[in-house]
Amino acid sequence: MTGPELSRRGLLAGGALVVGFSLLPGVRLLAQEAQNAGKEPKTDPKLPGSLGDAPMLDSWIRVDADGSITVLTGKAELGQGIKTALLQVAAEELGVDPGALKLITADTALTPNEGYTAGSHSMQDSGTAIRSAAAQVRALLTGWAAERLGVPATDLRARDGAILAPDGRRVGFGELVAGRSLHVQAQPTSPLTPPAEHRVIGKPLPRVDIPAKVTGGPSYVQDLRLPGMVHARVVRPPSYGARLKDVDTATVERLPGVLKVVRDGSYLAVIAEREWQAVKAMVALSGAATWDEQPDLPAEGDLYAHLLGLPAQATTILERGTPAPGARTVEASYRRPCQMHAPIGPSCAVGLMRDGTLTVWTHTQGVFPLRKSIAEMLRLPDQQVRCVQVEGSGCYGHDGADDVAADAALLARALPDRPVRVQWMREQEHGWEPYGSAMVTRLRASLDASGGVADWQHEVWSNTHSTRPGGAGELMPAWHLAQPFQPPQPKPLPQPEGGGDRNAIPLYAFPSARVVHHFIPTMPLRVSALRGLGAYMNVFSIESFLDELAAAAGADPVAFRLRHLEDPRAKDVVTRAAERFGWDGYRPSGRGRGRGFAFARYKNLAAYCAVAVEAEVDHETGRARLVRAVAAADSGEAVNPDGIRNQIEGGIVQSASWTLREAVTFDRTRITSRDWGGYPVLRFGEVPESVEVHVVDRPGQPFLGTGEAAQGPTAAAVANAVAAATGVRLRELPLTPARVKAAIGV
C-alpha cells in the first residue's frame, strides 16, 4: 500500500469539474457573488445530514471531464462497511453502477470535516449528505442535457454515466460538465429516487473492503509502506504516573541500524532503518531506563466502592409522573469493570515531515480533531498538518490510534524527510489505550396489582466516556514531554445521546420514572469511548432488571416487554426476534441450557435491536457459552442489508466476549492485563453455533445508526439466559467461570 500524493487543490484543478448547483437562479447568483468575494455562503440549518456543516456540493461529489465520478466523505471506514453503503447511495441517485465510482474517505486535505466517525452516525450524517448531493447533481446534469437535446428534463433519465432521451440519444456526464465549473450551496430538499425505482439501495452489495482482507492484500495502515520508510518504537513509562529518572542512550545509539534516539522529558523512543532493529533497540533502551513510580491506583477489589466514594455531579435526566406505591418493590445493583478495545492489530501510524509540512497516515476516527491536537502539540499552524485516515486492524472507539499518530508526528519531526512508521507493542496497547469506564447502576421499581411497572428508578455512576482529541492535552505522548500538555477536565456528554447515561432512559412507557446520572470527573484508570459508551451497561442493567420484574410478576419476559412498549417499530423487532427464535415453543436443547431476551433502541434515536439467545452453562466448571442468537434490527431504510447483518453479527460476538470474558486488571501501581493471557477474549471455538439477523427494512425512512445497536441487548440476553440455565441471577460483569461457579455453589 502506498500513500496518496494528492491535495484538495490538485483534486479540484485542471480538467476535473466539481459539480455544485442550485435550481434557483437567485441562490446561484448569491453563491457566485460569495465565491467571488472569497467566502462561503451562509449554511442553511435545514440542510440534511452533514450538508449543514459542509453545504457546498463540491465538498461531496466530483465529475471529471472524462466522465469519472468521485465521492468524498469525512467519515472513516472502521470495518463497519460504510465505504460500500456510501457508494450505494451515491450510485443510486446518480444512476450509475457502484463500481464506476471512486470514494475518498476522511482526509483533512480533501474531504469535508465531519468530526468523528462515532456514535453510529455515518449513514445518518454522511450517507444522508451524499445521497442528497448526488440527487441534486443528477438534477443539474439532467437540466444541462435538456438544454442540449431540446427535451424536457422530466423526459430524461440518468443511467450508466449518461443522460438518456426517449429517442435513444444520450449525452455522457463528461460531455455535460466540459467547460463548466460551479461552486454553489446545496438545497434543503432533493429529488431523491423513489424507493419503488431503487436499483442499488436495498441490495446486498458485497463489501468493497473485504477482498484485500481475506486475500492478504494491503488493507490497513499497518500494511502501509512508503519509499524510504524507517521504523520507530517508543519506550512507554511502566505506569501512569511514572517519570523518567535517567537513561543511558550511548549503547543503544551504536546498535546496528539505529538512526536516532529521541528523548524529550519522559518521552523516549528510537528510530531505526528496519523494524526488527527498532524492536531490539527499544528493548535495550527500556533496560537502560530508570523510572520513578507511585502506587496511586485503587485496589482492584475495591474498584466499585472506590468509584462510589469519589465526588460526583448528579444530574436528573428524566423525571416523569408521580411515584406511586406498588404492590411489590424490586431492587438490584449491577456492575461493569473497565474493558479494553484490545484490537487484534496494535495501533500504528506513519508520519512524514517534509518542507515544514507534516503528513500523518492514521486509523483515527477523527482526522480534523486529530490535526488540531497534533498542530497544537508541535506548535504548528493547522494548515501545516495533514491527517489521512487509513483503516486500522481492529479500530473502533477511542483506542490507541490518536496516541500513536502523535508518536508518528513527534518522531517524524525528529527525523524529517523520511516516512517514520510507529507500531505499538501488545503490552503498550493493553497498558495505555483508553478503556471503557467501569460503571455501577442501581435500579428500583414497583409493580402494581396487575403486575405492571408503576414506578421506575435508575441511577448510574460512571467516569467520562470521551477524552477524544480536540487539543494536545488529549494525546497521551504529549503528557510525557519536557514541556507537557495537561489533560483537560473530563466532562459528561450531553443528552439526548449521552455518555455514561447513554440509554439510561428506558424506551418503555412507565407511568412514573426517574433517571439520575452521577458523573465522576476523577478517573482512576484512563478511560474514553468504547463502542456503545454507557449504552452497553445501561441496557444490560435495564433489560436484566426487566427479566427480574417479569419473574416477580409471573409474566413471560417477551410479553412483559411488549406490555410496556408503545413504539410500534419497537414492538415489531421484539416480535420478530421472538418469533424467529421460536420463543413460545422453546424447550432447552440440553442440560444447563436456558434462553434469554433483551431489546433496546440505541440512544433511543438510532436503530432498534432485539436479541434472543440460548446459552449453556457447564455446572462443573462454571463456564458459560453463547450457543445461538437470533436478532431483529430496524435501521430505517436498509441501504445494504448484508452490511447491517455484519454489524449486528459482529456486535453480538463482541458483546458476548465482553459479557463472558473481559475485564482490565491492575495492582496499586500498574495495569497487569498486558497480554491475551491477562485479558482473554472470545476464541473461535467459543463463537456461537449460529447467529441469525433479520433486517426490518423501512424504505423511504431516514437512515438509523446500526454499528453499536447490538452490544447492550446481547449482554442482557446472555445474562438472562445464564440466569435461566442456572436459576441464579448474576449482576456483575463479566460472567466468568469463577463468578458463575461461586454463584451456583457447586
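No experiment lies behind these values; they were computed from the predicted model shown.
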Participant: Tell me the salt bridge (charged side-chain N to carboxylate O under 4.0 Å, His left out) pairs involving residues 679-688, sequence neighbours left out?
Facilitator: Arg623-Glu686, Arg661-Glu686
Participant: Could you work out, with ring pair (Phe, Tyr, Trp, His ring centres under 6.0 Å) as the rule, every residue matching Phe599, not counting sequence neighbours?
Facilitator: none
Participant: Atom OG of Ser437 and atom OH of Tyr536: how far apart are they, to the nearest 0.5 Å?
Facilitator: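 These two atoms lie 13.5 Å from each other.
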Participant: Check the pair Val527 / Thr467 against side-chain contact (heavy atoms from CB on, under 4.5 Å), numbers first and verdict last.
Facilitator: CA-CA 7 Å; Val527 297; Thr467 55; 5.7 Å; no
Participant: Applying side chain to side chain donor-acceptor pair (under 3.5 Å), which residue pairs with at least one partner in residues 724-739 are found, sequence neighbours left out?
Facilitator: Arg335-Glu732, Glu548-Arg731, Asn720-Arg729, Glu732-Arg739
Participant: Which atom names give the shortest non-hydrogen contact between His619 and Ala725, and what distance separates them?
Facilitator: CE1-O, 3.8 Å
Participant: Tell me every residue that passes side-chain contact (heavy atoms from CB on, under 4.5 Å) with Ala598, counting only those two or more places apart in sequence or in another chain.
Facilitator: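 With neighbours one apart ignored, the set is Glu543, Pro713, Ala716, Ala717.
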Participant: With a sphere of 6.0 Å drawn around CZ of Arg668, does it hold more than 12 non-hydrogen atoms of other residues, nucleotides or ligands?
Facilitator: yes
Participant: What is the minimum heavy-atom distance between Ala550 and Pro557, and which atoms define it?
Facilitator: CB-CA, 4.1 Å
Participant: How close do Pro434 and Gly400 get, heavy atom to heavy atom, and via which atoms?
Facilitator: CD-N, 4.5 Å
Participant: Report the C-alpha separation of Leu410 and Leu481 in whole Å, then their side-chain angles, then the decisive distance to 0.1 Å, and conclude whether the side-chain contact (heavy atoms from CB on, under 4.5 Å) test is met.
Facilitator: CA-CA 10 Å; Leu410 289 166; Leu481 302 177; 4.1 Å; yes
Participant: I need the Arg243 CZ to Trp291 CH2 distance, nearest 0.5 Å.
Facilitator: 9.0 Å
Participant: Restricting to side chain to side chain donor-acceptor pair (under 3.5 Å), what partner residues turn up for Ser673, sequence neighbours left out?
Facilitator: none
Participant: Quick one: which residue pairs count as a side chain to side chain donor-acceptor pair (under 3.5 Å) with a foot in residues 706-717, not counting sequence neighbours?
Facilitator: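 Non-adjacent pairs meeting side chain to side chain donor-acceptor pair (under 3.5 Å): Ser120-Glu708, Tyr602-Glu708, Ser635-Thr706, Gln654-Gln711.
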Participant: With side chain to side chain donor-acceptor pair (under 3.5 Å) as the rule and sequence neighbours excluded, what pairs involving residues 337-348 come up?
Facilitator: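 For residues 337-348, and leaving out neighbouring residues, the side chain to side chain donor-acceptor pair (under 3.5 Å) pairs sorted by first residue read Arg336-Gln339, His341-Glu433, Ser347-Glu429.
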Participant: If every non-hydrogen atom of Ala349 is compared with every non-hydrogen atom of Val404, which pair is closest and at what distance?
Facilitator: CB-O, 3.7 Å
Participant: Taking only residues two or more places apart in sequence, or in another chain, which ones meet Arg670 in a salt bridge (charged side-chain N to carboxylate O under 4.0 Å, His left out)?
Facilitator: Glu293
Participant: Working to the nearest 0.5 angstrom, can you tell me the gap between His518 NE2 and Leu308 CG?
Facilitator: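 Here the interatomic distance stands at 9.0 Å.
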Participant: Do NZ/NE/NH1/NH2 and the carboxylate oxygens of Arg233 and Asp407 come within less than 4.0 Å?
Facilitator: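 No, no charged N to carboxylate O under 4.0 Å.
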Participant: Are Ser122 and Thr117 close enough that a side-chain donor and a side-chain acceptor fall under 3.5 Å?
Facilitator: no
Participant: Please assess Ile520 against Trp461 for the test side-chain contact (heavy atoms from CB on, under 4.5 Å), listing each intermediate value before the final yes or no.
Facilitator: CA-CA 7 Å; Ile520 306 169; Trp461 285 261; 4.1 Å; yes
Participant: Would you find a donor on one side and an acceptor on the other, under 3.5 Å apart, between the side chain of Ser373 and the backbone of Pro369?
Facilitator: yes
Participant: Tell me, which pairs form a side chain to side chain donor-acceptor pair (under 3.5 Å) where one or both residues lie in residues 472-497, sequence neighbours left out?
Facilitator: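 Listed by first then second residue: His121-Glu497, Gln495-Asp501, Glu497-Lys603.
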Participant: For residues 394-406, which residue pairs pass the salt bridge (charged side-chain N to carboxylate O under 4.0 Å, His left out) check, not counting sequence neighbours?
Facilitator: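 Qualifying pairs, neighbours excluded: Asp403-Arg526.
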Participant: Parallel under 30°, tilted from 30 to 60°, perpendicular over 60°: which one fits the rings of Trp456 and His458?
Facilitator: tilted
Participant: Evaluate Leu475 against Phe485 for side-chain contact (heavy atoms from CB on, under 4.5 Å), listing each step before the verdict.
Facilitator: CA-CA 8 Å; Leu475 299 174; Phe485 292 85; over 6 Å; no
Participant: Drop me the distance from Ser446's OG to Asp455's CG, to the nearest 0.5 angstrom.
Facilitator: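 One finds 5.0 Å between OG of Ser446 and CG of Asp455.
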Participant: Under the ring pair (Phe, Tyr, Trp, His ring centres under 6.0 Å) definition, can you give me all pairs with a residue in residues 665-688, not counting sequence neighbours?
Facilitator: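 Listed once each, the pairs are His430-Trp676, His430-Tyr679.
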Participant: By salt bridge (charged side-chain N to carboxylate O under 4.0 Å, His left out), which residues pair with Arg625, not counting sequence neighbours?
Facilitator: Glu616, Glu689
